Amino acid sequence: MKNLPLLFMGIFFCLAFSFSGLILSSMIQYGHLEPVTEFVNHPDTGEQIPGAFIEIGDKLVQGVNQPDEQTFPIESVGLAQQGKQTYINMGCLYCHSQQVRRKGFGADYERGWGDRQTVPRDYILQQRVLLGTSRTGPDLMSIGMRQPSAEWHYLHLYNPQFTSPGSIMPPFRFLFETRKIGDAPSPDALKIPDGFPAEKPPAGYEIVPTDRGRELVAYLLSLKLNYELPESRFSE
Amino acid sequence: MSPLLSFFSSIDPRPKPGVPLKVQLSQIDREMRVPIVLFVVSAILWLQAGTVFALIASIKLHNPEFLGNVEWLTFGRARSAHLNAMAFGWGNNAIFAVSLWIMARLCKVSVKHGGLLVVAGAFWNVGVTAGVIGILTGGLTSVEWLEMPPQVAPLLAISFILVAVWGVIMFRYRALGHVYVSQWYILGALFWFPWLYVIAQTMILWLPARGTVQAITNWWFGHNVLGLWLTPMGLASIYYFLPKVLGRPIHSYYLSVLGFWSLALFYNWAGVHHLIGGPIPVWLVSAGIVGSIMMVIPVVVTAINHHMTAAGNWRAVWCSPTLRFIVFGGMSYTLASLAGSAMALRDINVITHFTQFTVGHAHHGVYAFFTMTMFGGIYFMMPRILNREWPSAALIRTHFWCAAIGITIMLVVLHAGGWIQGEMMTALDADGKPKYAFLEIVTALVPWLFSRSISGMLLSIGHLAFLVNFFWMLAGRKGDQDGPTLLADPNEEDVR
Ligand code: HEM
């Protein structure tokens, strides 16, 4: 083959083809998804019905959203948003996914990782989407519902062996500090289990989460899949 | 002449007319010595750095307290430092060296102003160093294959283009006549990589696209780094070195055309198979699966072409250090790609996705195929660049056996362990409840992860042997014998 322009055109169009087919077309197809309310009001009766569309007779009619209603998904803000930064730069993603596959495809539902499949709309408010491709640890899409106790998360992050003996999750002790107890012990000081005498702080000292630790746990607790979307309802 | 014009005429790398081919080639080798040595030295040093990070990450996976209190070496960071040191440090430097050299030889031109190439290459390495340090100190982005802090991207993109442009210049001034298949692959890859990189960097980190469009862009990029960057460069090397060392032409021109264009057409689409079952439209997943299955065509075509070229010359393959590595790489390409197509099928993917099986597959492609061919290329190229033989056949043999046995063990344990992990993860009992608690799966996986660390140590020994042999050669030690350093005596048996 000697025809340089032809070779070049071929090289160019092959990649342009997949770029348009995969990326541009998905931007066009769902790049403009908006949050929705979980319930819409029936246009005639005003009755609250889950989902964005209502069947009236044999027609699908869009319901009416009320302006001050909560829309979904919810944007994580404040502490949780900062905690996401720690989640990102510690690389939790390399062991934990944040996506739930549909019931019947894998055992995500049976493992209690989510009551429904996650869909594109669940992620539209996230600056950085953290789907993940590894499940060395469990999926965390709904960890805030499965494990709502901050105390548990602090202990687990400090040393996963406290709560999950045999775990291969690394300890994140650097998200905590050991400090002298002030006037009274802090409410969120870690209660190290008795089986781990070596981990206990010296007398008069306590182990408390740093700001980064607190933010990270706030983020984990904010991860919930407790709302339905019109295109993805709870299974059963 | 205006300065611009005189610059342009000064980059014209064509040799003076009337110089015999042998002289031309050795002239090319001499003119490319400095940049190539720089790239190979950097590549080998990155290989060692990447190996250290790999061992740290690997040991942490079965022994989480290992360096457990060092924040900047926590698993996520050590692992990402490993990937980036290997892919962009070792991989890219090796590619720059081998592919530019192949390009120069096939075009029968060389690099004028090699100094500029050296500067661009130095900046590339500064960029990767800054990126890896950034990952370790808190700049990790958690975007797979784009882990480096976005601030280093402009530096990397610019220095990449300044390196790649020499490949295009050589092609532009090539000697007239037939264009060989290696040249298409190199030209294509030099053009594809910056496009992929700039788009992905922009759409994910600088101006993030909405929702999971990011994920699609991410895997379009991530998979194409393998498919349109490492793979074409690996194939270009096989296509060049196999016939070169054997001294016979490639089996079929038409098969190589078919292989090239079908790869260029289908590989692009395959990346979405990393999102099967994920929150993206189903038709996109189907497109990804179709692309992945169609990859069987280029793979089988290329395999036939390579096999028919080598067939009947196995003794020569065994004696030549270059060919041992190259042929190992070529066979791995076929196996890894066919396995990849199978992994894209929904029924198999539901087990293997999210497990160590994927990591095994990644090393199948990136180590057993790509890295092995680059080793082979460097073994062939350096004696010609430096005008010296490799000092020690024993060290080459050590390198080969550690690499071959090490990677084989790693692939077996990761595929087996990953499959078991996936089966346990999805198994349901009669009541429709998960059969195994999560911690049981973790416990079952640990022995496999431990074996991976053992295989990694074997690989590290090989990498050290490579390092020692290379710097020994660079330092000027001559081989013991007059001829080239071979791994077996070619006259022992009839060369069939
Ligand atoms: C010394 C031998 C090596 C060892 C012990 C090793 C070990 C590892 C480990 C532990 C991981 C992380 C797996 C996980 O996230 O669960 C990994 C990932 C990876 N390594 Fe290596 N590695 C080695 C050599 C290489 C080489 C030479 C390359 C490339 C040229 C490479 C490319 C990769 C890639 C691309 C990944 C990401 C895989 C994925 O996420 O699916 N590795 N390696």
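Chain identifiers are assigned alphabetically (A, B, ...) following the order of the sequence lines, protein sequences preceding nucleic acid strands; residue numbering begins at 1 within each chain. All values reported here derive from a predicted model rather than from experimental measurement.
- Only the side chain of B:Gln356 comes within less than 4.5 Å of a heavy atom of chain A; its backbone N, CA, C and O stay farther away.
- For B:Thr74, the part lying near chain A is the side chain, with the backbone staying farther off; criterion is any non-hydrogen pair under 4.5 Å.
- Remark: the A:Tyr87 side chain and the B:Ser142 side chain contain no N/O donor-acceptor pair separated by less than 3.5 Å.
- A pairwise comparison of heavy atoms in B:Pro279 and A:Leu131 identifies CG-CD2, 3.7 Å as the closest pair.
- Considering only heavy atoms from C-beta on, B:Leu284 comes within 4.5 Å of A:Ser26 through its side chain.
- Proximity to chain A (any heavy atom under 4.5 Å) is shown, for B:Asn218, by neither the backbone nor the side chain.
- In this structure a side-chain-to-backbone donor-acceptor pair under 3.5 Å is present from B:Trp192 to A:Ile11.
- When each of A:Leu15, A:Ile23, A:Val119 is checked for heavy-atom pairs under 4.5 Å with chain B, A:Leu15 comes out on top.
- The minimum heavy-atom distance linking A:Arg128 with B:Leu205 is given by the pair NH2-CD2, 3.3 Å.
- With contacts defined as side-chain heavy-atom distances shorter than 4.5 Å, the pair B:Phe354/A:Asp139 does not qualify.
- The part of B:Phe171 that comes within reach of chain A is its side chain, from C-beta onward, which places non-hydrogen atoms under 4.5 angstrom from that chain.
- Between B:Glu144 and A:Tyr94 there is a side-chain heavy-atom pair separated by less than 4.5 Å.
- Residue contact with chain A, scored on non-hydrogen atoms closer than 4.5 Å, involves the side chain of B:Phe191 exclusively.
- Contact of B:Leu228 with chain A is made through the side chain alone, with heavy-atom distances under 4.5 Å.
- A:Glu110 and B:Lys435 are not joined by a salt bridge, as no carboxylate oxygen comes within less than 4.0 angstrom of a charged side-chain nitrogen.
- Ranked by non-hydrogen atom pairs under 4.5 Å with chain A, the options B:Leu439, B:Val446, B:Asn224, B:Thr426 are led by B:Leu439.
- Neither the backbone nor the side chain of B:Trp72 comes within contact range of chain A, judged by heavy atoms closer than 4.5 Å.
- Contact of B:Ser80 with chain A is made through the side chain alone, with heavy-atom distances under 4.5 Å.
- With a threshold of 4.5 angstrom between heavy atoms, B:Leu265 approaches chain A through its backbone and through its side chain.
- In this structure, the portions of B:Val350 lying under 4.5 Å from any heavy atom of chain A include both its backbone and its side chain.
- Salt bridge A:Arg212/B:Glu71: present, at least one basic N to carboxylate O contact under 4.0 Å.
- For the options A:Phe172, A:Phe17, A:Phe174, heavy-atom pairs under 4.5 Å to chain B are most numerous at A:Phe174.
- Nearest heavy atom pair, residue B:Arg210 against residue A:Pro35, reads NH2-CD, 4.3 Å.
- For the set A:Ser232, A:Pro171, A:Ser164, the count of heavy-atom pairs under 4.5 angstrom toward chain B peaks at A:Pro171.
- In terms of heavy-atom pairs under 4.5 Å with chain B, the best-connected choice from A:Leu175, A:Leu130, A:Thr136 is A:Thr136.
- Residues A:Arg111 and B:Ile441 share a closest heavy-atom pair of NH2-CD1, 3.6 Å.
- Here the closest non-hydrogen pair linking A:Phe12 and B:Trp195 is O-CZ3, 3.7 Å.
- Of the two parts of B:Val213, the backbone and the side chain both hold a non-hydrogen atom closer than 4.5 Å to a non-hydrogen atom of chain A.
- For the pair A:Ser18/B:Phe266, no side-chain contact is recorded, criterion being any heavy-atom separation below 4.5 Å from C-beta on.
- For B:Arg77 against A:Met90, the heavy-atom pair with the smallest separation is NH2-CE, 3.7 Å.
- Proximity to chain B is limited to the side chain of A:Gln29, based on heavy atoms less than 4.5 angstrom apart.
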